[in-house]
Novice: 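Quick one: the structure is below, questions incoming.
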Amino acid sequence: MNQIPGQPSEEARLRVKAKTKRLKRKLAIFRLSTFFCLILIVALAVGLGISTAKTSQQIRQMQEQLTQTQKNIEEKDQLLQDAKTQNETLVKQKEEAEKKLEEANKQIEGYQNAGIPYKGPKVAYLTFDDGVSKNTEKILEILAKYDVKATFFPNWKEGNEELYKKIADGGHALGNHTASHDWKSVYSSLDGFINEVETLNDKIEAATGTRPTLFRFPGGSNNTIHRNYNKNIISPAIDYLNQKGITYIDWNVDSGDASSQTPLAPEKLTKNVLDTALRQSVILMHDTNAKPTTVEALPAIIEGLKERGYKFDVLSPDSNDSKVQFVKS
Ligand SMILES: [Zn+2]
C-alpha cells in the first residue's frame, strides 16, 4: 500500500472509525441506562409517596381509634361512677329502711309491754278538758278546717251556753267533767260528787238538748288529790256512774299542756302527742284561757296524726277501743 506522506494510513483511519463506532455505542448505552435510571427513580418516588400517604392514613385511623377508645374509657368511667353513686344511695336507703323497721318493732314491743294489742285501725280521740273558754271557738274553727271531730269534757261556765251548743252542733261529743272542777266540792262526799255530775248534765242538756253519757274525773280516775278530802270516794263514785249509764274515760296520751303553770311551746306539745301516740289514742288536752299554746299546736298535732295514718273519732260509751280507764270499774 502506498502511503501518502503527512496523511494517516488507511489502517489508522479504520482504527479511528472503529473506535468512534465503539464510543457511539457506549454513549447510546449510557443514555439508555440514564433513562431507565430516571424512570426507576420516578417510580420509586411515586411508590414512596403512595406509601407515605398510606401510612399517614393509617396513623390518622389509629389516632381516631385511640380517641374513640379514650372516649369509651371515659364513658365506662362515668358508668362506673354512676353505679357507685347508685349503690351508695341504695345502701343509704337500706339503712334508713332498717332503722324504720327497728323503730316500728320497738313501738310494737312498747304496745305489747303496755298490754295494748297491736290491732285495729289507728284512731285518735282528741279530748279537751276544763272548757269552755275564750279558746273554745278557735279550737272549733281548727277542727272544722280539718274536718275532725273531738270530745269535750267541759265544766260549767255560766253565760256561755252558746259555746256548749256550738260544740254539740259541730258534731263533737260533749262529756261531763263536773260543774265546778273544785276538788273539795267534787271529792269530799258522794252526795257532793253526784251534785257536781248531775248539775252539769242538767245544764248541758238545757243548752244542747242532749244529756251527756260520758264522764272524766277531774285529775283522772287514779288521781291522788281526792285523798285530801275523802280517801274512799272513787269506788262509790264509779258505782254511781255505772248505775246511771255514764261511762268514765281517762286518757293514754298526754299532750302535757297541764304539766306546767306557764304554757309549754306548741312544738313541745306536738312532740309529746306524736312521740307517744298509740294505735288507739285518747289524747288529753285542755281548753282554758291559760293554755293558748294548745290551740297553736292543734294544727300540727292533727296534721302529724293524719300523716301517720290516723283517723279521728269522738269518744263513745259503746266503743271498747277508747275505753281507757286507769281505775277499772
Ligand atoms: Zn280537768
Side-chain angles (χ1 to χ4, degrees), residues 1-110 118 121-122 145-146 265-268 270-271 273-275 277 279 297 299-311:
M1 278 175 75
N2 294 332
Q3 192 175 357
I4 302 162
Q7 293 264 331
S9 68
E10 184 68 15
E11 196 183 341
R13 244 188 4 251
L14 283 173
R15 267 203 313 269
V16 169
K17 208 175 171 183
K19 199 176 177 182
T20 308
K21 210 175 172 181
R22 274 201 310 275
L23 281 171
K24 277 184 179 171
R25 200 181 300 148
K26 272 185 182 174
L27 188 66
I29 289 168
F30 175 74
R31 278 179 179 157
L32 207 62
S33 301
T34 308
F35 177 72
F36 279 120
C37 274
L38 279 172
I39 295 268
L40 193 64
I41 287 165
V42 169
L44 278 173
V46 169
L48 192 66
I50 290 169
S51 165
T52 308
K54 265 191 181 171
T55 310
S56 300
Q57 204 180 345
Q58 278 173 345
I59 287 171
R60 263 203 312 279
Q61 279 175 352
M62 281 169 77
Q63 277 175 337
E64 276 168 19
Q65 279 175 355
L66 191 66
T67 309
Q68 190 59 42
T69 308
Q70 277 173 340
K71 222 181 201 178
N72 285 348
I73 289 170
E74 278 168 19
E75 278 174 9
K76 294 268 158 60
D77 275 349
Q78 189 57 45
L79 284 175
L80 191 67
Q81 196 56 44
D82 289 350
K84 270 185 189 169
T85 311
Q86 214 170 9
N87 189 43
E88 277 168 18
T89 310
L90 285 172
V91 168
K92 225 180 244 175
Q93 280 176 346
K94 189 181 164 224
E95 280 172 1
E96 278 169 18
E98 280 173 348
K99 208 171 161 193
K100 272 188 190 163
L101 185 68
E102 201 182 316
E103 279 170 14
N105 280 333
K106 239 184 229 171
Q107 212 169 12
I108 292 169
E109 206 178 306
Y118 184 74
K122 283 175 155 185
K145 183 186 161 196
Y146 287 97
E267 295 77 18
K268 174 68 178 153
T270 305
K271 189 172 163 29
V273 171
L274 297 181
D275 282 0
R279 205 155 180 87
I301 289 173
I302 292 171
E303 283 170 24
L305 288 167
K306 280 192 169 178
E307 272 169 24
R308 286 161 175 75
Y310 280 85
K311 302 279 178 225

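By convention here, the first residue in the shown sequence is residue 1. Atoms considered below: every heavy atom in the structure, side chains included; atoms not considered: hydrogens, waters and symmetry mates. All values reported here derive from a predicted model rather than from experimental measurement.
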Novice: Start with the C-alpha distance between Asp82 and Gln86, add both sets of side-chain angles, then the distance that settles side chain to side chain donor-acceptor pair (under 3.5 Å), and finish with yes or no.
Specialist: CA-CA 6 Å; Asp82 289 350; Gln86 214 170 9; over 6 Å; no
Novice: With rounding to the nearest 0.5 Å, note down the distance linking CD in Gln63 to CD in Gln70.
Specialist: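 If we round to the nearest 0.5 Å, Gln63:CD and Gln70:CD are 10.5 Å apart.
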Novice: Give the minimum heavy-atom separation between Leu274 and Ile301, together with the two atoms involved.
Specialist: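 In this case the closest contact between Leu274 and Ile301 is CD2-O, 4.0 Å.
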Novice: I need the Thr20 OG1 to Arg25 CZ distance, nearest 0.5 Å.
Specialist: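 The distance works out to 12.0 Å.
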Novice: Would you compute the distance between atom CG of Leu90 and atom OG1 of Thr85 and round it to the nearest 0.5 angstrom?
Specialist: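 So the gap between those two atoms works out to 11.0 Å.
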Novice: Quick one: do Arg15 and Glu11 satisfy salt bridge (charged side-chain N to carboxylate O under 4.0 Å, His left out)? Show the steps, please.
Specialist: CA-CA 6 Å; Arg15 267 203 313 269; Glu11 196 183 341; 3.6 Å; yes
Novice: Short question: side chain of Arg31, backbone of Leu27 - any donor-acceptor pair under 3.5 Å?
Specialist: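 No, the answer is negative, given that no donor and acceptor are paired below the 3.5 Å cut-off.
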Novice: Answer yes or no: does atom NZ of Lys306 have more than 12 heavy-atom neighbours from other residues, nucleotides or ligands under 6.0 Å?
Specialist: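 More than 12 heavy atoms, drawn from other residues, nucleotides or ligands, come within 6.0 Å of this atom.
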Novice: Are Lys92 and Glu96 close enough for a salt bridge, meaning some N to O gap below 4.0 Å?
Specialist: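 Salt bridge: no.
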Novice: To the nearest 0.5 Å, how far apart are CG in Leu66 and CE in Met62?
Specialist: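 Reported value, rounded in 0.5 Å steps: 8.5 Å.
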Novice: Check Ala297 against Pro266 and note the closest heavy-atom contact, atom names and distance.
Specialist: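 Distance-wise, the nearest heavy atoms are CB-O, 3.5 Å.
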Novice: Looking only at atom types and distance, does a side-chain atom of Lys122 sit under 3.5 Å from a main-chain N or O of Arg308, one as donor and one as acceptor?
Specialist: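 Checked: pair present.
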Novice: So, taking the atom named NZ in Lys19 and the one named CG in Leu14, what distance separates them when rounded to the nearest 0.5 Å?
Specialist: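 Here the interatomic distance stands at 14.5 Å.
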Novice: How long is the straight-line distance from CD of Glu10 back to NZ of Lys17, given to the nearest 0.5 Å?
Specialist: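 That separation rounds to 9.0 Å.
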